[in-house]
Amino acid sequence: MGLSGSMTWKFDAQEKGTTIEVRYAVGGYSPGGLKEVAPLVDGVLRAQLDRYQRYVDTGKPEAPKP
């Protein structure tokens, strides 16, 4: 693989809280293409944002145990 990417974060203050927009643009070469990898990367980014939200809301990034 030969890839290059750019990630931007945008924080917008709202009346109750903050909206975060993350954009990750990747280009380059991968023998099998990037379509199969993209959902995996999205999942990792979503998990990171979920942990960040829990940390902001509770002071702890871990999800509560069931």
Can you tell me how far [atom2] of [Y] sits from [atom1] of [X], rounded to the nearest 0.5 angstrom?
X: Lys60; Y: Arg54; atom1: NZ; atom2: CZ; result: 12.5 Å
X: Trp9; Y: Leu49; atom1: CH2; atom2: CG; result: 4.5 Å
X: Leu45; Y: Asp50; atom1: CG; atom2: CG; result: 11.0 Å

Side chains of [X] and [Y]: does their closest heavy-atom pair fall under 4.5 Å?
X: Val22; Y: Met7; answer: yes
X: Thr19; Y: Lys10; answer: no
X: Tyr29; Y: Leu34; answer: no
X: Tyr55; Y: Gln53; answer: no
X: Val26; Y: Tyr24; answer: yes
X: Thr18; Y: Gln14; answer: no

- Query: Is there a chain of hydrophobic side chains (I, L, V, M, F, W, Y, each step under 4.5 Å between heavy atoms) that links Met1 to Leu40?
  - Reply: no
Glu36, CD: over 12 other non-hydrogen atoms inside 6.0 angstrom:
no
